[in-house]
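A short write-up of the structure that comes next.
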Amino acid sequence: MATSGTADGRADASDEATESLTLEQAADEAALLTERILNARDAYYEKDAAIYSDEEYDGYIHRLEQLERLFPELQSQDSPTQTVGGRAETTLFAPVTHAERMLSLDNVFSLDEFDAWAAKVQRDAGRHVDWLCELKIDGLAINLRYRDGVLVSAATRGDGVVGEDVTENIRRVPSIPQRLAGTGHPPLVEVRGEVYFEVATFRELNAMQAAEGERVFANPRNAASGSLRQVGENKSAAALERMHRRLKRLSMLVHGIGAWQDPPVASQSETYALLKEWGLPTSTHYRVVDTAKKAAEYIAYYGENRDSVEHEIDGVVVKVDELALHDELGATSRAPRWAIAYKYPPEQVNTKLLDIVVSIGRTGRATPFAVMQKVRVAGSEVRQATLHNQDVVKSKGVLIGDTVVLRKAGDVIPEVLGPVVELRDGSEREFVMPQTCPECGTPLRPAKEGDIDLRCPNARGCPAQVRGRLEHVAGRGALDIEGLGEVAAAALTQPMHPQQAPLPSEAGLFDLRAQDLFPIEVIVRDPETGLPRQVGEEEPGRELITRDGVRLRVKTDTPFRRQRKAPLPGREHTASRPDPRFDPDGPFDGDDDFILSSAATEMLANIEAAKSKDLWRFLVALNVRHVGPVAARALAGWFGSLKAIRAASREELAAVDGVGEIIADAVLDWFEVDWHREIVDRWAAAGVPFAIPGHPGPGAAAAAGGVLTGITVVATGSLEGFTREGAQEAIMAAGGKAASSVSKKTDFVAAGPGAGSKLTKAEELGIPILDAAGFKRLLADGPDAVRESP
DNA sequence: CACCCTCGAGTTCA
DNA sequence: CTCGAGGGTG
């Protein structure tokens with residue numbers, strides 16, 4: 001275990017060790033620390049003896065706090081960091097001693113650990129075990145006490161022995177009965193459950209809080225805790241009203257019963273049925289299964305479908321269903337042996353904000369983004385997250401050097417939520433938005449007065465913008481040139497002092513020749529050592545440094561590589577004496593010594609082939625404001641050639657379906673710029689036709705109707721037999737409209753596996769949903785064929 | 001004047 | 001894939 005070196009009280013000195021800890025290691029270490037701390041407290045308070053020095057003891061506490069901050073999922077309500085000397089933290093709420101100790105649950109963090117636990121329980125039980133699986137709600141544990149069926153008190157868990165009395169507030173939670181239904185309740189019963197906000201309610205609540213200038217809660221759990229632990233005294237009528245409104249929106253689900261002699265039920269699931277009869281809220285999501293394998297499947301299912309549940313879940317609890325086995329298996333001092341909590345990987349983690357860097361996009365917009373210590377969130381490793389603009393940086397309140405909370409919004413997009421202020425040590429510094437473009441030095445300014453976004457006005461010359469535009473030109477939405485991606489675009493547009501870049505602007509794209517590529521060398525910095533190395537020799541790195549030291553952000557491999565045509569006879573390479581022809585700084589003496597990598601050759605061929613792509617793709621490639629694939633198709637279809645578009649007046653342009661005055665102006669304005677026209681002229685000179693062959697001329701109606709004329713279809717997910725683009729093309733080829741988002745106007749949604757929010761939306765709106773087979777039938781035979789046989 | 005839609009940007013993975 | 005911004009359409 002990693003504990004011997006790190007749990008030694010020198011908490012602050014162990015940052016490095018902490019950062020490289022896995023969750024499992026941290027959990028192990030935290031468990032050990034907890035045990036030591038609790039032992040020390042027992043010894044101190046009950047036996048009046050110290051087993052560790054004060055220094056050691058403080059060190060353990062400090063280290064445990066540190067671990068809990070780095071791994072918030074390790075925090076539990078009865079952690080020694082939440083309590084003082086074995087007593088619940090002093091609060092405004094009266095202490096309540098639970099009739100029976102509220103145990104916590106042991107945690108597992110992987111299916112392997114779960115299997116091991118289940119196997120052990122199975123062995124110890126010695127007979128068939130049914131498993132009850134339920135969702136672990138991320139809320140606040142509450143103990144309800146009913147005397148003769150009447151609610152007499154409600155308390156938080158506290159340290160498990162003594163909690164806080166929140167009875168008055170709990171009485172306002174609608175789902176909690178003041179009096180149990182039915183008869184036959186024991187004279188005194190304690191019911192355990194979880195109080196929480198549903199995700200949707202939480203969002204509403206936060207919106208309300210924000211609108212009223214109140215604090216916004218970080219997550220539903222905090223909100224529930226905060227709402228339940230507020231005091232009505234000394235509050236204005238309005239504040240009291242707000243407090244009651246919040247309490248009214250809380251939900252509760254019960255999942256257990258405290259001490260109970262001779263219960264009239266034999267299993268946990270029967271207990272739930274009984275609780276339900278009494279009018280207590282029980283979850284609808286639990287299931288009893290007869291094998292541990294099925295329990296693992298339940299865990300996996302909700303791991304994939306966390307969002308399908310109305311409340312936040314941080315895991316699954318698996319319990320032995322048979323109550324007699326609970327007694328036989330017993331409990332440790334902290335947790336029962338007959339139940340386990342499986343914790344899902346957290347959606348929120350803490351990591352270090354190393355720097356805030358500004359990148360310039362293809363439109364010149366300056367976007368600050370966070371560079372963080374690489375960390376695993378929701379299944380992938382994250383290093384960067386956008387901060388949008390300077391105002392967002394400010395409003396999030398993050399400083400460079402902060403420990404920050406990171407999550408994946410919608411499980412995909414990394415988002416910095418905010419700093420962990422308590423972890424600051426004074427070395428943090430504020431981010432200052434640069435005044436000049438980090439890539440070309442031009443002073444940044446807003447595009448128009450009052451804009452928050454700053455832009456680099458040097459559209460023509462700024463390498464970042466040229467690079468971005470080239471990427472866009474070659475991108476999937478435009479000319480779709482394979483082999484010309486982020487790295488290639490960077491390499492091609494980077495000046496090679498004293499020479500010019502092979503492509504100082506996108507205008508030269510189709511004039512690019514093989515010899516232009518020879519001087520290019522891409523050096524990629526090794527992410528571990530920080531040393532430059534040649535791309536292609538090993539795994540590609542994350543950061544690219546060009547010859548003049550400019551650092552670029554890189555994702556993929558590059559097609560360019562210096563290569564010798566043939567090995568020279570009689571010479572050996574040694575590490576100490578490399579072949580001079582591989583000296584990156586050595587003289588370059590013509591193309592005889594080098595050939596292009598096959599990737600680069602292919603790229604050149606792909607560029608050549610791109611000349612014959614559809615006109616609308618070229619319109620997109622030209623990068624006219626507001627002209628994306630849809631507007632480009634409309635313009636191309638109507639006018640048939642760029643020449644006709646160029647000759648059109650504002651009114652003529654705006655007459656096109658889907659094009660209005662603004663787009664018309666944008667087109668006209670675009671042609672006003674000299675270097676824009678140069679792009680068109682040079683591409684045309686290189687052989688780009690800029691016309692649809694056989695097009696009758698301006699004003700031609702859109703292609704005569706296919707089977708889908710007047711029908712709008714949205715394709716989502718992976719449809720077998722189609723690429724995403726292919727599906728859209730197929731829809732349009734059949735005369736239909738391929739929309740990108742689902743709305744009331746949508747006639748069909750073709751959804752394959754992996755479809756997300758669009759499918760949900762379609763279901764909400766009651767729009768017919770087709771699978772791949774149905775989609776093919778729709779394309780072939782039209783809407784009626786699909787409507788008849790749904 | 002409401003919607004509804006498209007655009008544009010950022011991000012990671014298989 | 002998702003969000004905000006801002007355009008177009010009914």
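Convention: sequence-line order gives letters A, B, ...; per-chain numbering from 1.
Rounding to whole angstrom units, CZ of residue A/Arg455 and C1' of B/dG8 are separated by 10 Å. Atom CG in A/Asp747 sits about 11 Å away from atom P in B/dC5, given to the nearest Å. What separates CG of A/Leu454 from C1' of B/dA9 is a distance of 16 Å, to the nearest Å. If you measure from atom CZ of A/Arg625 to atom P of B/dT6, you get 18 Å, rounded to the nearest angstrom. The CZ atom of A/Arg633 sits 17 Å away from the P atom of B/dC5 (whole-angstrom rounding). Between A/Asp665 atom CG and C/dG7 atom C1' there is a gap of 12 Å when expressed in whole angstrom units. Going from atom CH2 of A/Trp616 over to atom P of B/dC7 covers 10 Å, rounded to whole Å. Atom NE2 in A/His472 sits roughly 7 Å away from atom P in B/dG8 (whole-Å rounding).
A pairwise comparison of heavy atoms in A/Ile299 and A/Leu111 identifies CG2-CD2, 4.0 Å as the closest pair. The shortest heavy-atom contact between A/Leu444 and A/Ala366 is CD1-CB, 4.1 Å.
Regarding contacts with the backbone of B/dG8, every side-chain N or O of A/Arg365 stays at 4.0 angstrom or more from both OP1 and OP2. Checking the phosphate oxygens (OP1, OP2) of B/dG10, a side-chain nitrogen or oxygen of A/Thr367 falls inside 4.0 Å.
Counting only N and O atoms by type, the side chains of A/Thr201 and A/Glu204 include no donor and acceptor under 3.5 Å apart.
Side-chain proximity of A/Ile662 to the nucleotides B/dC7, B/dT12, C/dG8 is greatest for C/dG8. Each of B/dG8, B/dG10, B/dT12 was ranked by its minimum atom distance to the side chain of A/Arg362; first place goes to B/dG8. Side-chain atoms of A/Thr386 lie closest to B/dG10 of the nucleotides B/dG8, B/dC7, B/dG10. Minimum atom distance to the side chain of A/Pro629 is reached by B/dC7, of the listed B/dC7, B/dT12, B/dG8. When each of B/dC7, C/dG7, B/dG10 is scored by its nearest atom to the side-chain atoms of A/Ile663, the top-ranked nucleotide is C/dG7.
Within the 4.0 angstrom heavy-atom criterion, no nucleotide atom of any strand lies near A/Gly361.
Residues forming a salt bridge (Lys or Arg N to Asp or Glu O under 4.0 Å) with A/Arg476 (at least two apart in sequence, or on another chain): none. With sequence neighbours excluded, no residue forms a ring-ring contact (aromatic ring centres under 6.0 Å, His included) with A/His472.
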